[in-house]
Amino acid sequence: MKKIVILVSALLLPVGSMAASYTIDPSHTYPNFTIDHLGFSTLHGRFGKTTGKLNLDQAKGTGSVDIVIDVASVNTGFKKRDDHLRSPDFFNAVEFPEITFKSTKVTFQGKGATVVGDLTIMGVTKSVSLAVASINCGVHPINKKQVCGFDATTRLKRSDFGIKYALPAVGDDVNLSIEVEAIKD
Amino acid sequence: MQELLDNPAIQAAAAPFVVALVLALVLRRFLPGGTGLAIIGGFFVAVWLTTGLTLQPLTSTRKIIICSLTLPFVVLLLEFIPAMPRSIWLKRMFRLLPALLLAAAALWIIWPVVRRQEGMAIWVMASPVMLYAAVIIFGTGALGRMQERAFSAQAANALVLAMGTGVTTLIAASALYGQLAFAVSAATGAVIVAGLLGSAEKSAGPGLLAMYAAAVPVALLAAAATVYAQLPVLVLLCLALVPLFAWLLLIKPVRLIKLRQRWLEMIAASLWVSIPVLPAIWLAWRAAGPVSF
């Protein structure tokens, strides 16, 4: 009986109150971007391979995020355009195979957070701020592992990272949103 | 005005052409190597308009730009070394120095990728790139040192090599590489126009510095495009034949094209030298597949 009470108590405790390390689940973590295409429409794309680690301690109000994006995994639904995005005109994926984000400060606000960190694209590092509306943690209903997830969004200028091809015809402003799920280590 | 400067046709054609033409017409009065400086000036303007003049971080494209703006002078200086030793063998060895320098520059440009390779893969990746850069500079140097009736052959070599690189890289590799190569061809075209307009001796070529100023950037752009983009290596093989076709115009038993009017000879020479570029374009086209924007 005592064991059951302890188990139930543990399950009922808010998971955010425990400091924990998480590994990003690549099958549920996708950086997505949108960009203006010649003023006609908005192009959507995503990166298919992302790895990284999270550390969360909502009770203490601390945390960290490290994300590594495989540039070659860019996918806009059209191979020819994806090849162009991998070329030196845009991401130069052969020379710079990774985009990285390393948080420098995480500020929790209610269920959400603001994550400030260094985003490195094509060897250029800039500080960006990701807005996280809600950090959702709990037990995964299928694999029964502890999982945390969130959607982070920001807007950046590609020219800040030296990606100047076809400016201003193809937009400079890039809306970036990252859907993240991470499994507790 | 900014809208005008953002136009790729202005960046890669009009601006470098106008700048190079003005420089060529002005500098040739004072400076023997003025045409070379005109091509470098035209290329510099294109770089300023397309990528900006920032050098950090030192990407492969920026390495190409640095090499393009500096190595023609270094290579020209190396040209004087073979005059020093008495031994013919040594003289011939020193003739290879510009080619070795360009091979080293090409390796520096692709080094971030080469260092991630292992074993034979290093040589499979690096050797065609280094060899192509070396062959183009060696061929250009050999052609540039020929003085007699060399104008059309030398000019056609520089112009066709730049245009061929521009077309093939635009199709199969990178619009930026294509723009930079087209800028070289526009600047080279301006120097040719200045040469044809001038009262220079019929035999006078565009000059060694001009030859190298055109050859260095396009050699490095095409070579790098096989590593950083999807330009087929076979394209390099075709483009490497351009200096050979230009040289064939000059050897005495052949003397394929010899016309009274210089501008006609220039056009005929360019058409002849373009022959190896046609399969290069076809290969690039085949590799690229249907293009859509």
Side-chain angles (χ1 to χ4, degrees), chain A residues 35-45 68 70-72 74-100 102 118-127 157-173, chain B residues 2-8 11-12 47-65 108-117 125 129 169-181 220-221 224-231 287-293:
Chain A
I35 189 166
D36 177 78
H37 181 245
L38 305 175
F40 294 124
S41 64
T42 304
L43 178 84
H44 292 245
V68 179
D70 179 3
V71 177
V74 68
N75 184 354
T76 61
F78 182 56
K79 185 184 176 301
K80 190 76 198 156
R81 182 170 48 232
D82 298 340
D83 288 342
H84 193 198
L85 288 173
R86 292 182 195 106
S87 80
D89 288 347
F90 288 97
F91 290 112
N92 200 352
V94 177
E95 188 172 4
F96 299 101
E98 292 176 347
I99 292 172
T100 61
K102 198 175 179 64
D118 293 332
L119 179 66
T120 304
I121 303 174
M122 283 180 60
V124 178
T125 302
K126 297 275 178 189
S127 181
K157 287 195 182 294
R158 65 186 175 104
S159 59
D160 287 345
F161 296 89
I163 306 173
K164 295 178 180 173
Y165 175 75
L167 281 174
V170 175
D172 194 12
D173 290 324
Chain B
Q2 190 56 45
E3 201 172 317
L4 194 68
L5 294 177
D6 287 334
N7 188 321
Q11 294 172 339
V47 167
W48 174 55
L49 293 174
T50 51
T51 68
L53 300 177
T54 317
L55 292 178
Q56 289 296 328
L58 194 55
T59 62
S60 55
T61 307
R62 289 177 179 139
K63 286 178 183 176
I64 293 172
I65 290 166
W108 179 53
I109 287 160
I110 62 166
W111 185 248
V113 187
V114 169
R115 72 179 177 188
R116 295 200 292 264
Q117 310 297 316
M125 177 177 280
V129 170
T169 52
L170 185 67
I171 291 172
S174 146
L176 175 61
Y177 283 17
Q179 271 188 289
L180 293 175
L220 296 177
L221 283 166
T226 61
V227 174
Y228 291 117
Q230 295 178 335
L231 191 72
V291 178
S292 172
F293 298 96

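Sequence lines set the chain letters: A, B, ... in the order given, protein chains first and strands last, and positions in each chain run from 1. Fair warning: this is a prediction, and the values are worked out from it, not measured in the lab.
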(message) How long is the straight-line distance from OG of B:S60 back to CZ of A:F96, given to the nearest 0.5 Å?
(response) 6.5 Å

(message) With a 4.5 angstrom heavy-atom cut-off, is it the side chain or the backbone of B:A224 that approaches chain A, or both, or neither?
(response) neither

(message) Using heavy-atom distances under 4.5 Å, tell me whether A:D89 contacts chain B through its side chain, its backbone, both, or neither.
(response) both

(message) Report, in residue-number order, which members of residues 49-58 of chain B are under 4.5 Å from chain A by heavy-atom distance.
(response) B:T51, B:P57, B:L58

(request) Tell me, out of A:A93, A:A166, A:P97, who's got the most heavy-atom pairs with chain B below 4.5 Å. (result) A:P97

(message) To the closest 0.5 Å, what do you measure between CZ (B:R116) and CD (A:E95)?
(response) 8.0 Å

(request) Provide the closest heavy-atom pair for A:P88 versus B:L176 in the form atom of the first, atom of the second, distance. (result) O-CD2, 4.4 Å

(request) State, yes or no, whether a side-chain contact exists between A:S87 and B:Y228 at a heavy-atom distance under 4.5 Å. (result) no

(message) If the condition is salt bridge (charged side-chain N to carboxylate O under 4.0 Å, His left out), which residues does A:D83 pass it with, not counting sequence neighbours?
(response) A:K79, A:R86

